[in-house]
Number of protein chains: 2
Amino acid sequence: MLFSKSCIYGLRASLYLASNQNGEYISIGKLSDKLDISFHFLTKILQQLTANDLLESLKGPNGGVRLSKPGKQITLLDIVLAIDGDELFQECVLGLPGCGMEKPCPFHEIWLHKRDDIKRMLETRSLAEMAKEGKEGHLRITPDGKYKWD
Amino acid sequence: MLFSKSCIYGLRASLYLASNQNGEYISIGKLSDKLDISFHFLTKILQQLTANDLLESLKGPNGGVRLSKPGKQITLLDIVLAIDGDELFQECVLGLPGCGMEKPCPFHEIWLHKRDDIKRMLETRSLAEMAKEGKEGHLRITPDGKYKWD
DNA sequence: AATATTTAAGAGTATTTTGTCTTATTTATA
DNA sequence: TATAAATAAGACAAAATACTCTTAAATATT
Ligand code: SF4
Ligand code: SF4
């Protein structure tokens, strides 16, 4: 699996937030309900995003979470790094410790640009862009495809 | 992580076998020793490869495992599929069930060719080829780089 | 035939990841 | 100020992955 479950949930929730972006906070209860993700588990994940200044949260009535900046300024890579870290882009394929150019494994040559490709792909796509495409293309971010980008 | 630990171990062991390819069996004890992988764990993994007809095994003195066909005819993808299955190439990025073209998620468009790229990369590289490059380039397949392709 | 060497198989343990539950803490609103 | 609604935090539980150990089966060599 490319991304951890946590990361996937984080991405889906972020896309939701980006698509409903108009300043107000959205409760995690609503998010977990719409996206079919366990409430408490999602809470933890979003806390990581909040800790990384990608989200803002507010307690109390009408509280919830929202993007900390315009969705255009948050990339998919931001989310991935906040949750899964950069190991996918550092440790890479054979998982040998202390990897890099100095002491490469046989995969290095062929894997390196694929890896960087993926990184660039995540880096050049903003949440806003992805959400827009999702909305316009009626693409799904829930298992059952129930969520319709309201 | 792209590949499971099991898969990584399987790949490293396969590369070793391909590089020492001259018909005789190599004991798993030697493999586990050279590659710094737990003997019993490696045994299980290689059993999967044997079950998939990628390796042949022989019990008893001078027994061990060897490639079941010339290293040129076994691809990296063969090893990966035998151990990790095709979920990486089927379920893909957001892990939504029943994925594919019919009900795509927002990642589909951007991820699909990267995914296929990776698959093709694994499909077009044989163990023989990788081992040759590893040998000639003095690349490492052990954590400490101790193994020197003898 | 006996023995030693090796893989096969399967039970068992440890660690990591994933998910749940309970108890604070904060804040808007009446 | 009291209450209700929400996140924060952390303990706990379950499941998946990674790893270990023991016993059985096969085979080459003596
Ligand atoms: S040598 Fe390169 S390709 Fe191989 S594991 Fe290290 S960083 Fe990845
Ligand atoms: S819709 Fe496409 S990209 Fe998204 S999870 Fe399914 S197969 Fe992968």
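Bear in mind the structure is a predicted one, so any value in this text is a computation, not a measurement.
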Side chain of [X]: nearest nucleotide among [options]?
X: B:H40; options: D:dT22, C:dG19, C:dT25; result: D:dT22
X: B:P61; options: C:dA4, C:dA9, D:dA11; result: C:dA4
X: A:S27; options: C:dA8, D:dC19, D:dA6; result: D:dA6
X: B:F41; options: D:dT20, D:dA28, D:dA4; result: D:dT20
X: A:K5; options: D:dC21, C:dG19, C:dG10; result: C:dG19
X: A:N62; options: C:dA28, C:dT18, C:dT7; result: C:dA28
X: B:K59; options: D:dC19, C:dT6, C:dG19; result: C:dT6

Any chance you could measure B:L112, atom CG, to B:C92, atom SG, to the nearest 0.5 Å?
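With rounding to 0.5 Å, CG (B:L112) is 7.0 Å from SG (B:C92).
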Output the distance between atom CG (B:L2) and atom CE (A:M1), rounded to the nearest 0.5 Å.
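B:L2 atom CG to A:M1 atom CE measures 11.5 Å (nearest 0.5 Å).
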Under 4.0 angstrom, heavy atoms only, what part of the nucleic acid is B:L46 near: base, sugar-phosphate, or nothing?
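B:L46: no heavy atom of the nucleic acid under 4.0 Å.
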When you measure from the side-chain N and O atoms of [X] to the phosphate of [N], is any distance below 4.0 Å, counting only OP1 and OP2?
X: B:S4; N: D:dT17; result: no
X: B:T43; N: C:dA9; result: no
X: A:Y9; N: C:dG19; result: yes

Taking atom [atom2] of [N] as reference, at what distance in whole Å does atom [atom1] of [X] sit?
X: A:I28; N: C:dT26; atom1: CD1; atom2: P; result: 16 Å
X: B:I83; N: D:dC19; atom1: CD1; atom2: P; result: 13 Å
X: A:L42; N: C:dC21; atom1: CG; atom2: C1'; result: 16 Å
X: B:I45; N: D:dT17; atom1: CD1; atom2: C1'; result: 11 Å
X: A:F39; N: D:dA5; atom1: CZ; atom2: P; result: 13 Å
X: A:D84; N: C:dT17; atom1: CG; atom2: C1'; result: 11 Å
X: A:M1; N: D:dA15; atom1: CE; atom2: C1'; result: 13 Å
X: B:Y25; N: D:dT27; atom1: OH; atom2: C1'; result: 11 Å

For residues B:S4 and B:D84, is any side-chain donor paired with an opposing acceptor at under 3.5 Å?
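Short answer, yes.
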Is it true that B:R125 and B:E133 have a side-chain N and a carboxylate O under 4.0 angstrom from each other?
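A salt bridge links B:R125 with B:E133.
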Looking at B:D117 and B:K114, does any basic side-chain N land under 4.0 Å from a carboxylate oxygen?
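The answer is no: the pair does not qualify as a salt bridge.
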5' priority, DNA chain D, between A:K44 and A:L58 [closest heavy atom]
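Here A:L58 is the residue nearer the 5' end.
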Evaluate the side-chain proximity of B:N62 to B:Y25: yes if any heavy-atom separation is below 4.5 Å, no if none is.
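Of all side-chain heavy-atom pairs linking B:N62 with B:Y25, none is under 4.5 Å.
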Considering heavy-atom distances to DNA chain C, does A:S38 or A:G60 have its closest nucleotide positioned more toward the 5' end?
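Result of the comparison: A:S38.
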